[in-house]
Amino acid sequence: MIMAKNVSFLDSVNRYFDAAAPHTGLDEGLLKQIKVCNGVYQIHFPVMVDGKVQVIEAYRAQHSNHRSPTKGGIRYSNHVNQDEVVALATLMSYKCAIVDVPFGGAKGGVKINPWEYSEADLEKITRRYTTELIRHKFIGPAIDVPAPDYGTGSREMAWIYDTYRAFYPDDINAAGCVTGKPVNQNGVRGRTEATGRGVFYGIREACNNKELMDKLGLEMGIEGKTMVIQGLGNVGSYTATISQDEGEVKIVGVSEVEGAIYNADGIDIHALLRHRAHHGSILSYPDARIYGKDKRRAVMEFECDILVPAALENQIDANNAANVRAKIIAEAANGPVTADGAAILAERGVVVIPDIYLNAGGVTVSYFEWLKNLSHMRFGRLEKRFDERAYRRIVDQIEATTGKVISDRDRELIVRGADEIDLVRSGLEETMITGFQQVYKMYTDNAEIKDLRTAAFALAISKISSDYIALGIWP
Ligand code: NAD
């Protein structure tokens, strides 16, 4: 029996590491080097808000410099603290390793509630934070490349890019100092949806795995499965809409800060998002069972096949893990299940698809954006028209040989050359499928590894260790 107690996010991450480390057969010293955080920069800076000076606390942690640059989002939240930033930076190192993105892990945090500040004040805070990062060499296309996370988005990334560019007007690669920028500011198409789309591909891959589905007593395939989502922000809303539209999933429950709703017959996610944008709340959505703000955590216990926590860490712990009714927990957020919660879920046979694999779609497409910035060219620009001409010749030949006419609609589908968005989605899909297969192979090849998270950590540690060894840093 596991007793409920409060463990920090970082404790959980370290416990996951410790559980996986023995399966790698690596030297203790090398394991220690992979586990520890290489550097944390804590800052306090003043900002004038409504005629008064506020002192803002902020961080940037670089967990591992085995690859350059380091990479990870920037979070704006009241709960930001050093342990949280280090835990998130740590997860970034393992995430990049699993999906073969050649970066070390980093993360930034600014301790503010962004919804309490005006846009002008947020711009001031973001630009000042960026200046501090520049002054201490914690940002740069070859050094450390931030991206959006909880409470930030493309708007903040554009401010960061503009501030960096002002300091380094002669750096031709300046756009690569940050990813998640708006498309017209050197961003890449498909970055905004990337994490949620990657979560969808990851869940789909797990549902296509016969062995896993048999173990859970579920039919193979994502179609028709029921899903519950916590948090309708960037990651949650894209996971939900893509799962409904492309996976034919039925969304039966949703929670946001104001509370939760449930309807076993299904909730149309597009209608719900429109409703919230218009009324400011999900609670007045028609025909749903309503849970107020103080009961919003009930979402974790809703009946469903797949539960997707997509808000914050420590949402399933020793207090509520025994009541989870989902068969699959898809960790779209970072660290939503504590180590104690995970142990209870494992005992109960619930499959957890771990964050360090499942939400890696964001950093994968950030990597594509960084490559685009360094190459100074949109993906698909060189080959699109050439491919179209070649496909048209093939279709013409087929028509001439068979004597049959291909319909205009089919011809259009066949001859279309890939645009940037097609290539980005294709690269993301390939990455998520390969990532799942590698994690699953680690899981099935090692009889002592009992869950996908331990397998994912063992895979990440092994990949990072081979970098250290190849670099000659370790014998
Ligand atoms: P976001 O700020 O866009 O959205 C978070 C949403 O969660 C908001 O709508 C907020 O109102 C809601 N929320 C907050 N507390 C809640 C609660 N107690 N119950 C229900 N809803 C609540 O943030 P995001 O970028 O979608 O990030 C969400 C999670 O995904 C975080 O853990 C983040 O680290 C992780 N993540 C994000 C990305 C990315 O590309 N944005 C990439 C990888 C992982």
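In listed order, ligands and their atoms are each counted from 1.
Aromatic rings of F167 and Y164 (six-membered ring for Trp) have centroids beyond the 6.0 Å cut-off, not under it.
For atom 14 (C) of ligand 1, the nearest non-hydrogen atom of the protein is Y150 OH, 3.2 Å. Taking atom 29 (C) of ligand 1 as the reference point, the nearest protein heavy-atom neighbour is A311 O, 3.2 Å. With hydrogens left out, the protein atom closest to atom 15 (N) of ligand 1 is V257 CG1, 3.7 Å, a heavy atom. Remark: minimum distance from atom 24 (P) of ligand 1 to any protein heavy atom is reached at V235 CG2, 3.9 Å. Closest to atom 40 (O) of ligand 1, if we only count protein heavy atoms, is T195 OG1, 2.8 Å. When only non-hydrogen protein atoms are considered, atom 19 (N) of ligand 1 lies nearest to Q230 NE2, 3.7 Å. What sits closest to atom 4 (O) of ligand 1 on the protein, heavy atoms only, is G233 CA, 3.2 Å.
Ion pairing between a basic and an acidic side chain is recognised when a charged N comes within 4.0 Å of a carboxylate O; E84 and K111 show no such pairing. We find that E313 and R75 are joined by a salt bridge, their nearest charged nitrogen and carboxylate oxygen being less than 4.0 Å apart. With respect to R165 and D162, a salt bridge is recorded, a charged nitrogen being found less than 4.0 Å from a carboxylate O.
Between the side chains of D268 and Q244, at least one donor N or O sits under 3.5 Å from an acceptor N or O. No side-chain donor from either of Y285 and H275 sits under 3.5 Å from a side-chain acceptor of the other. In the model, T163 has a side-chain atom that pairs as donor or acceptor with a side-chain atom of R127 under 3.5 Å. Remark: the T70 side chain and the D144 side chain contain an N/O donor-acceptor pair separated by less than 3.5 Å.
Ring pair F45/Y129 is tilted by interplanar angle, where 30° to 60° counts as tilted. Taking the six-membered ring where tryptophan is involved, the planes of W115 and Y150 are perpendicular, since the angle between them exceeds 60° and thus also 30°. Relative orientation of the H136 and Y41 rings is tilted, given thresholds of 30° and 60° on the angle between their planes.
Contacts between E193 and ligand 1 below 4.0 angstrom, taking non-hydrogen atoms only, are absent altogether. For P336, no heavy-atom contact with ligand 1 is shorter than 4.0 Å. Contacts with ligand 1 closer than 4.0 Å are made by no heavy atom of R297, backbone or side chain. Residue contacts with ligand 1, taken as heavy atom pairs separated by less than 4.0 Å, involve D149 via backbone and side-chain atoms alike. The backbone of A332, and not its side chain, has at least one atom closer than 4.0 Å to an atom of ligand 1 (non-hydrogen atoms only; backbone = N, CA, C, O).
Atom 21 (N) of ligand 1 has its nearest heavy-atom neighbour, among E331, E256, R276, in E256. In the candidate list N334, I282, T152, N334 is nearest to atom 44 (C) of ligand 1, counting heavy atoms. The residue from L312, T192, N359, N234 that puts a heavy atom closest to atom 1 (P) of ligand 1 is N234.
Distances between N or O atoms of K95 and those of ligand 1 include no value under 3.5 Å.
Atoms of ligand 1 found under 4.0 Å from any heavy atom of R296 (numbered from 1 in listed order, with element): 18 (N). Listed by number with element, the atoms of ligand 1 under 4.0 Å from a non-hydrogen atom of G151 are 2 (O).
Every residue two or more places apart in sequence or in another chain was checked for a ring-ring contact (aromatic ring centres under 6.0 Å, His included) with H376, and none qualifies.
Residue E313 places every heavy atom at 4.0 Å or more from ligand 1. In this structure, G73 does not count as a contact residue of ligand 1, since none of its heavy atoms falls inside 4.0 Å of the ligand.
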